[in-house]
Amino acid sequence: MAVLKWLSICLTLFCQGTAASTPCNWTQFRLGKLNDVSIDLLSDMGGLFPLKCAEENVELFPEDVYKNTEGEDFSVVALEAMRYVDQLYNNSLTSVTWNKTKLKLFQNVIYRQVQNLELCVVGGVWKSSGDGGSVTLKTYFNKLNTVLKDKEHSACAWEIVRKEIRENLVQFKKFIDSRVKP
């Protein structure tokens with residue numbers, strides 16, 4: 001009886017380990033496509049960076065933000081990044097002059113990515129309290145929130161955030177391409 005119990009435990013652990021190491025099919029086939037849609041929507045909804053905001057512009061994006069996550073689970077890092085973007089775009093957007101339909105589409109695409117990544121990361125490894133694994137990513141998004149607060153969610157503050165998030169998603173695309181096997 002003890003042998004059967006031991007065998008059952010070993011089989012369960014083996015199956016869980018195999019399931020955990022198998023990449024989520026959704027990240028393999030859909031995440032990159034939805035990320036491309038997000039980049040396009042960000043570009044299209046507001047057009048070029050306004051000249052009136054040029055003096056307020058800041059460069060915040062650290063080029064190595066996703067390189068610092070090499071030892072971490074791909075789906076967890078992707079979920080963390082998309083949750084930060086989702087949270088950021090759930091702030092007050094009353095001052096923006098963007099195409100509202102494209103803004104809503106962008107928010108929906110980001111939300112869809114979060115929902116699907118949560119299914120990949122069974123059990124919600126990343127808590128909504130902001131305890132994500134990447135300190136660099138967390139710091140970056142905290143800086144974006146600070147820009148919004150310091151500039152009182154002005155139109156120019158949102159243009160800076162839009163530009164930064166677009167750059168983030170371009171780098172995220174490179175991260176996806178480097179981690180997802182065709």
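Any value given below was found using the heavy atoms of this structure, including those in side chains, with hydrogens, waters and symmetry copies removed. For the single chain, residues carry numbers from 1 onward in sequence order.
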> What are the two closest heavy atoms between F172 and A81, and how far apart are they?
Replying inline: CE1-CB, 4.3 Å
>> Just to verify, what does Q113 make a side chain to side chain donor-acceptor pair (under 3.5 Å) with, not counting sequence neighbours?
In response: S38
>> Checking T136 now: which residues fulfil side chain to side chain donor-acceptor pair (under 3.5 Å) with it, not counting sequence neighbours?
In response: N68
> Do the non-hydrogen side-chain atoms of E159 and L48 ever get within less than 4.5 Å of each other?
Replying inline: no
> Distance from L169 atom CG to L41 atom CG, nearest 0.5 Å?
Replying inline: 10.5 Å
>> The test is side-chain contact (heavy atoms from CB on, under 4.5 Å); show your working for L88 and E164 and say whether it passes.
In response: CA-CA 12 Å; L88 196 61; E164 286 288 321; over 6 Å; no
> So how far is it from L148 CG to T146 OG1, rounded to the nearest 0.5 Å?
Replying inline: 9.0 Å
> Okay, side chain of S95, backbone of H153: is any donor-acceptor separation there less than 3.5 Å?
Replying inline: yes
>> So which atom in L117 and which in S75 form the shortest heavy-atom distance, rounded to 0.1 Å?
In response: CD2-O, 4.1 Å
>> Going by the rule side chain to side chain donor-acceptor pair (under 3.5 Å), which residues pair with T101 if we only count those two or more places apart in sequence or in a different chain?
In response: none
> What residue pairs, at least two apart or across chains, pass salt bridge (charged side-chain N to carboxylate O under 4.0 Å, His left out) with a residue in residues 100-112?
Replying inline: none
>> I need the minimum non-hydrogen distance between A78 and L31, along with the two atoms involved.
In response: CB-CD2, 4.0 Å
> Between OH of Y111 and CG of N116, what distance do you get to the nearest 0.5 Å?
Replying inline: 10.5 Å
>> Restricting to non-hydrogen atoms, name the atom on V114 and the atom on L79 that form the minimum distance, rounded to 0.1 Å.
In response: O-CD1, 3.8 Å
> D36: what forms a salt bridge (Lys or Arg N to Asp or Glu O under 4.0 Å) with it, not counting sequence neighbours?
Replying inline: K173
> Going through the distances and angles, do I160 and K151 end up as a side-chain contact (heavy atoms from CB on, under 4.5 Å)?
Replying inline: CA-CA 11 Å; I160 292 166; K151 297 181 183 295; 4.0 Å; yes
> Any sub-3.5 Å donor-acceptor pair from R162's side-chain atoms to L42's backbone N or O?
Replying inline: yes
>> Measuring only between side-chain heavy atoms, which start at C-beta, is V85 closer than 4.5 Å to I165?
In response: yes
> Nearest heavy-atom pair of L144 and V161: which atoms, and what distance?
Replying inline: O-CG2, 4.1 Å
>> Within the 4.5 Å heavy-atom criterion, are N35 and F175 side-chain neighbours or not?
In response: no
> Which distance, rounded to the nearest 0.5 Å, do you find between the CE of M45 and the OG1 of T97?
Replying inline: 10.5 Å
>> Please find the pair of heavy atoms, one from L137 and one from V77, that lie closest to each other, and give the distance.
In response: CD2-O, 4.4 Å
>> As an exercise, state the distance from CG of D73 to CD of E80, rounded to the nearest 0.5 Å.
In response: 11.5 Å
>> Is any side-chain heavy atom of M82 closer than 4.5 Å to one of L34?
In response: no
>> Could you check whether any side-chain heavy atom of N168 comes within less than 4.5 Å of a side-chain heavy atom of Y140, counting everything from C-beta outward?
In response: yes
>> Parallel, tilted or perpendicular: which one describes the rings of W98 and W158, with boundaries at 30° and 60°?
In response: perpendicular
> Hey, does Q115 have a side-chain heavy atom less than 4.5 Å from the side chain of L119?
Replying inline: no
> Looking at residues at least two apart in the chain, or sitting in another chain, which of them share a side chain to side chain donor-acceptor pair (under 3.5 Å) with S154?
Replying inline: none
> Is the Y89 ring parallel, tilted or perpendicular to the F106 ring (thresholds 30°, 60°)?
Replying inline: perpendicular
> What's the spacing between N108 CG and L103 CG if we round to 0.5 Å?
Replying inline: 9.5 Å
> Can any side-chain N or O of D40 pair as donor or acceptor with the backbone N or O of V37 at less than 3.5 Å?
Replying inline: no
